[in-house]
2 protein chains.
Amino acid sequence: MPSSRGSGITLADVAAASGVSTATVSRVLSGNYPVATRTKARVTEAVAELGYVMNANARALARSRAATIGIVVQDVVDPFFGYIARGVERRAAELGLACLIMASQGSKERELELVDLLRAHRAGGVILVGGSADDRGYRTKMAQRARALADEGGNLVLCGRPPLGEGLPTRSVSYDNEGGAFAITSHLLARGHRRIAYVGGPHRLSTHTFRLAGHRRALEQHGVAWDDDLVHVGQFSAAFGRTTLTELLRRGLDATAVFAANDAVAVGVYEAAEDAGISVPHDLSVVGYDDVPVATQLRPRLSTVSVPLEELGRRAAELCITESDAPDADSIVGTHLVLRDSVSAPREARILRAG
Amino acid sequence: MPSSRGSGITLADVAAASGVSTATVSRVLSGNYPVATRTKARVTEAVAELGYVMNANARALARSRAATIGIVVQDVVDPFFGYIARGVERRAAELGLACLIMASQGSKERELELVDLLRAHRAGGVILVGGSADDRGYRTKMAQRARALADEGGNLVLCGRPPLGEGLPTRSVSYDNEGGAFAITSHLLARGHRRIAYVGGPHRLSTHTFRLAGHRRALEQHGVAWDDDLVHVGQFSAAFGRTTLTELLRRGLDATAVFAANDAVAVGVYEAAEDAGISVPHDLSVVGYDDVPVATQLRPRLSTVSVPLEELGRRAAELCITESDAPDADSIVGTHLVLRDSVSAPREARILRAG
DNA sequence: CTGAAAGCGCTAACAT
DNA sequence: ATGTTAGCGCTTTCAG
């Protein structure tokens, strides 16, 4: 940034121009203290004439908290994060909060750094979005950040991830990963599928873990034997879905359906099926998770579980500013199945192969 | 945010703990001034032990500029903006800058407000992303903001939009909207199309205006007569693409190809074609613009013009901190055609109808 | 190479 | 209802 000292107009200028003290100007600007209608008008006028804009940093310093919240996502363009970010940004705007966004790119270490960066900015709240790593050291370090943040008057809010542990000063808003997975696997089961491949996200990532757990519970409840060979853990990406299914097909896939752990993975699964000349849902049924726009762009349209991502973001933004011991500091929003065209009854029991 | 005063650790604490003055601590933290290796070590140690994190607001106040840049997009989830935002965020992180993101939702008034908000935060740079309105009053007001921002030591950077006017303190990084459109229409022409419908973005939005201009120039250069009935102005959305093409098909479409002014519009065009039982590209060729992921997810894969969105964002972030009179304050990044499967030679001259 | 001290612009007691 | 004033935590001359 250029180095000029910035000849900005200050509160004092406004005070001088309207013939009142800086305290009065501050009061009309904050609007949280009685001021005579007349003087208020004079001040407002002076503000407009001088084109005065408040120095948010000075205010944050004086108030020891900024009107800013921070949101850390894995990737800004991933629609899962994108919709949550949109909810956060919109609600924040309504609440008069600015929104600092940062991307961890899936790195736990980076995430920790980003929380510190946000602490440095004295963000009123720091929202951690999406699944978290099941890692002892990480959890300990984040817990320490949670305490520090709380000490400093900020909030750590977990959005779509499990709590850090007992008695920690965090609040959260999540959705039922396990339940959604249970429901969609149950749907597959109800249609007659018994051999279902699970193509999922990163090892020990909470999102994946819970989805897999829901899948497993559905299988158990329907008395379908668990088969480790059917679960494939890797990434939440189209690339992973594609290479995984391609490989399975090469080896001969003994399944009639695949549960893609999110819609992005489903995209890859569709591609692999297409490459192999396998028809969805005729030869292979596919379901996803998240219900992002691509689900309706795929052909056949993808059956998936819908998560109210934007609403999740809005709530997270609110949790940034609610007082510490609110009654429902931890809430859960519902998910629901969206049944489209990617599932049919299994055709016959046979091994699926490329070509 | 909870009201606690924030018992944060300050520079003074670190100074006390390491037995030096606050000035010295400040110097090692800023790293822009010679400090004895020994004392530097002591300070660094104290910082770690106390878990000290700098107060960014205090620093910003003292320096009269924050290590923050602002980015204003129309919509966080739109991939056009998303990829640019990703580039901005990534480059900003590399440069040690935090990134405030705000969404204008396409409102000029809101955009102006957001710039003022970012001014309040003393952002070192404010990046305005995407096409801008061709509106006199708006332009005047934004020009005024540009001057104010420059006065205050900040930068206004235009990313993917035309300059505000002569002699204004702005810098910009764009791509060739007109050229890309010229190229892709030329491609359609080369394949034999003569009747091409243009289904485009918002009236007077620069992006749309330039794309349409390029389209027109290609037509002229190939000696194809201009037909106003073939251009349809509206929104950059799938919904607009769909309703527009549906309506055209209902009335009977005398064209063999459609130029969707961006990929989102193309999505809608595909849907309408599908609804009407019209095959792409057999009955109708389609091209888009932007080359966002959906282009490869569509079937047939969409031919479109690729814009280096993320790179655009990275450059924009850099422009936020380059000194005022840099040699190339205004740059243009190239676009290129990506030819996939959505174009074929026109089948025959006939009117396309639904059903 | 290090310290002392005067701000940066605003807020929030405390007066009046 | 309004003014006074002491900070908020860091940077940056200016001395030493």
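Within every chain, numbering begins at 1; the chains are lettered A, B, ... in the order of the sequence lines, protein sequences first and strands thereafter.
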Length of the CD-P vector between B:E152 and C:dG9, whole Å
11 Å
Write out a two-atom table: protein N or O, nucleotide N or O from nucleotides 3-5 of chain D, distance below 3.5 Å.
residue	atom	partner	partner atom	Å
D:dG3	OP2	A:S21	N	2.8
D:dG3	OP2	A:S21	OG	3.1
D:dG3	OP2	A:T24	OG1	2.7
D:dG3	N7	A:R27	NH2	2.6
D:dG3	O6	A:R27	NH1	3.1
D:dG3	O6	A:R27	NH2	3.1

Okay, side chain of B:R315, backbone of B:S172: is any donor-acceptor separation there less than 3.5 Å?
no
Strictly distance-based, threshold 3.5 Å: is any side-chain N or O of A:T24 a donor or acceptor partner for the main-chain N or O of A:V20?
no
Are B:R91 and B:E94 close enough for a salt bridge, meaning some N to O gap below 4.0 Å?
yes
Within residues 29-53 of chain A, find the residues that approach DNA chain C with a heavy atom at under 4.0 Å, and present them sorted by residue number.
A:S30, A:Y52
Spell out, as yes or no, whether a donor-acceptor pair under 3.5 Å connects the side chain of B:E89 to the backbone of A:A103.
yes
Distance in angstrom units between A:N57 CG and C:dG7 C1', rounded
16 Å
Rounded to the Å, how far apart are A:R59 CZ and D:dG7 C1'?
17 Å
Rounded to the nearest 0.5 Å, what separation is found between the CZ atom of B:R314 and the CZ atom of B:R90?
8.0 Å
With a 4.0 Å cut-off on N to O distance, would you call A:E166 and A:R139 a salt bridge?
no
Rounded to whole angstroms, how far apart are CZ on A:R119 and P on D:dG9?
14 Å
Spacing of B:L11 atom CG relative to D:dG9 atom P, expressed in whole Å:
10 Å
Using whole Å, report how far CG of B:L61 lies from C1' of C:dG9.
5 Å
Nearest to the side chain of A:N55 - D:dC10, C:dC10, C:dT11?
C:dC10
Measure the shortest side-chain to side-chain distance between A:D135 and A:K108 over non-hydrogen atoms and say whether it is less than 4.5 angstrom.
yes
For B:A85 against A:V76, the heavy-atom pair lying closest together
CB-CG1, 4.2 Å
Salt bridge B:R171-B:D330, side-chain N to carboxylate O under 4.0 Å
no
Just the rounded figure in Å: distance from C1' of C:dG9 to CZ of B:R63.
17 Å
